[in-house]
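For reference, the structure discussed in these notes is given below.
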Amino acid sequence: MLLQGKRVLVTGASAGIGRAVAIGCARHGADVAINYARDTEGAESAVATIEALGRRAIAVQGDVAEAETARDFVARATEALGGVDVFVSNAGICPFHAFLDMPAEVLERTLRVNLHGAWYMVQAAANRMVEQGTGGSIIAMSSISALVGGEFQTHYTPTKAGVLSLMQSTAIALGRHNIRCNALLPGTILTDINKDDLVGEKRAYMEGRIPLGRLGQPDDMVGPTVFLASDLAAYVTGAALLVDGGAFVNLQ
């Protein structure tokens, strides 16, 4: 129960990593508010699961690409839960596409969701934490893709590098307020984003490159998130933690 009594807000939490993290935080004693874009059924299911654990929960719909969504989510979530102690910026998209013929709208949408959305959400959460005066923990889901390239991810990898940089800079900007800012860098985690891409020979190849011998699951992100959210990480800020089964270091 490392998060007993804490109020946790998670974006993009109707499925995948966000859902696993939201429920995982509740299992550790947190009340949880989730943001979601379209999957109402998934959001309601996540809320029901959290409430079944004896914790308070609320789901707020909104497109993170819009600045107003961040202000609305933080305001409604903190009204319901009484404040925010932990904020997890997780929402993201990766519409795989070749570089040379990528339409401008694919690039723009990816930038707005992944990078602008994270910036807006982190700013709104940070302002609320500063108002409360009790510090807090902000965690952003970057990616191993912040450190390496991807042929069909030329629009995606720069956004994840930007999210990593955002956590480094906000760690400096918010440290005086006792707000810690850290990035998690998942490796290949099986989610709705990539499930259609990771099939057959490609999946076998990816699994063969990972020292732990398997692709990640959303639940693999829970422990690292809870650690950074908890008082165990009281002196950790501006850090980046790879959660990739060892894929990044496996050069050969």
Side-chain angles (χ1 to χ4, degrees), residues 3 5-14 17-18 21-22 25-26 30-37 43 47 50 55-92 111-142 146 159-184 225-231 233-240:
L3 303 180
K6 292 189 181 294
R7 289 81 49 97
V8 178
L9 279 58
V10 186
T11 68
S14 60
I17 292 173
V21 163
C25 287
D31 296 324
V32 184
I34 68 172
N35 150 270
Y36 70 101
V47 166
I50 293 167
R55 311 310 308 175
R56 292 181 295 168
I58 181 177
V60 180
Q61 188 172 14
D63 181 357
V64 299
E66 304 299 328
E68 180 56 37
T69 295
R71 294 187 289 267
D72 178 64
F73 175 50
V74 172
R76 292 172 62 183
T78 55
E79 180 181 3
L81 303 183
V84 55
D85 303 296
V86 179
F87 190 87
V88 182
S89 178
N90 165 77
L111 288 168
R112 292 202 62 83
V113 172
N114 294 5
L115 187 55
H116 291 72
W119 198 98
Y120 295 142
M121 283 287 184
V122 169
Q123 185 194 47
N127 271 299
R128 175 63 182 186
M129 289 177 178
V130 170
E131 291 172 7
Q132 292 173 176
T134 53
S137 173
I138 295 175
I139 303 159
M141 292 294 171
S142 178
T159 66
K160 290 304 183 177
V163 168
L164 172 58
S165 180
L166 175 64
M167 289 298 96
Q168 293 169 335
S169 293
T170 53
I172 302 167
L174 300 174
R176 65 181 64 96
H177 300 289
N178 195 31
I179 298 172
R180 300 180 294 104
C181 300
N182 296 289
L184 288 173
T225 303
V226 170
F227 165 67
L228 290 176
S230 76
D231 294 339
Y235 199 57
V236 181
T237 194

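Keep in mind that the numbers below use all heavy atoms, side chains included, and drop hydrogens, waters and symmetry copies.
- Contact of the Q132 side chain with the V84 side chain is registered, since non-hydrogen atoms from C-beta on lie closer than 4.5 Å.
- Residue R56 holds its CZ atom at 12.5 Å from CD1 of I50, rounded to the nearest 0.5 Å.
- Put simply, CG on L9 and CG on L81 are 6.5 Å apart, with the number rounded to the nearest 0.5 Å.
- I138 CD1 to D85 CG: the interatomic distance, rounded to the nearest 0.5 Å, is 11.5 Å.
- Remark: the backbone N or O of G62 is paired with a side-chain donor or acceptor of N35 at under 3.5 angstrom.
- Taking all atoms of both residues into account, the shortest heavy-atom contact from N90 to G12 is ND2-O, 2.9 Å.
- Within a 6.0 Å sphere centred on CD of E79, other residues, nucleotides and ligands contribute 12 heavy atoms or fewer.
- Nearest heavy-atom pair across M141 and V21 is CE-CG2, 4.0 Å.
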Under 3.5 Å, side-chain donor or acceptor atoms of residues 171-178 against the rest of the protein: list the pairs with distances, not counting sequence neighbours.
| unit_1 | atom_1 | unit_2 | atom_2 | d |
| --- | --- | --- | --- | --- |
| R176 | NH1 | A173 | O | 3.0 |

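- In terms of heavy atoms, V130 sits closest to I179 at CG2-CD1, 3.9 Å.
- A donor-acceptor contact shorter than 3.5 Å is absent between the side chain of T11 and the backbone of S89.
- Heavy atoms only, all atoms of each residue included: S142 and L164 are closest at OG-CB, 3.8 Å.
- The side-chain heavy atoms of N114 and V163, taken from C-beta on, include no pair separated by under 4.5 Å.
- In terms of modelled atom types and a separation under 3.5 Å, the side chain of Q61 and the main chain of Y36 share no donor-acceptor contact.
- Counting heavy atoms from C-beta on, the side chains of T225 and V88 come closer than 4.5 Å.
- Salt bridge present: D31 and R55 bring a charged side-chain N and a carboxylate O closer than 4.0 Å.
- Inter-residue side-chain proximity for R7 and T78 is flagged as unmet; no heavy-atom pair is nearer than 4.5 Å.
- The main-chain N or O of V74 is never found under 3.5 Å from a side-chain atom of R128 such that the two would form a donor-acceptor pair.
- Between C25 and V32, the shortest heavy-atom distance links the atoms CB-CG2, 4.4 Å.
- Across all non-hydrogen atoms, the minimal contact from R76 to I58 is O-CD1, 4.2 Å.
- Between the side chain of N182 and the backbone N or O of L228 there is no donor-acceptor pair closer than 3.5 Å.
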Please tabulate, for the side chains in residues 115-126, all donor-acceptor contacts under 3.5 angstrom to protein atoms that are two or more places apart in sequence or on a different chain.
| unit_1 | atom_1 | unit_2 | atom_2 | d |
| --- | --- | --- | --- | --- |
| H116 | ND1 | L111 | O | 3.1 |

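- Rounding to the nearest 0.5 angstrom, the gap separating the CZ atom in F73 from the CD1 atom in I34 is 8.0 Å.
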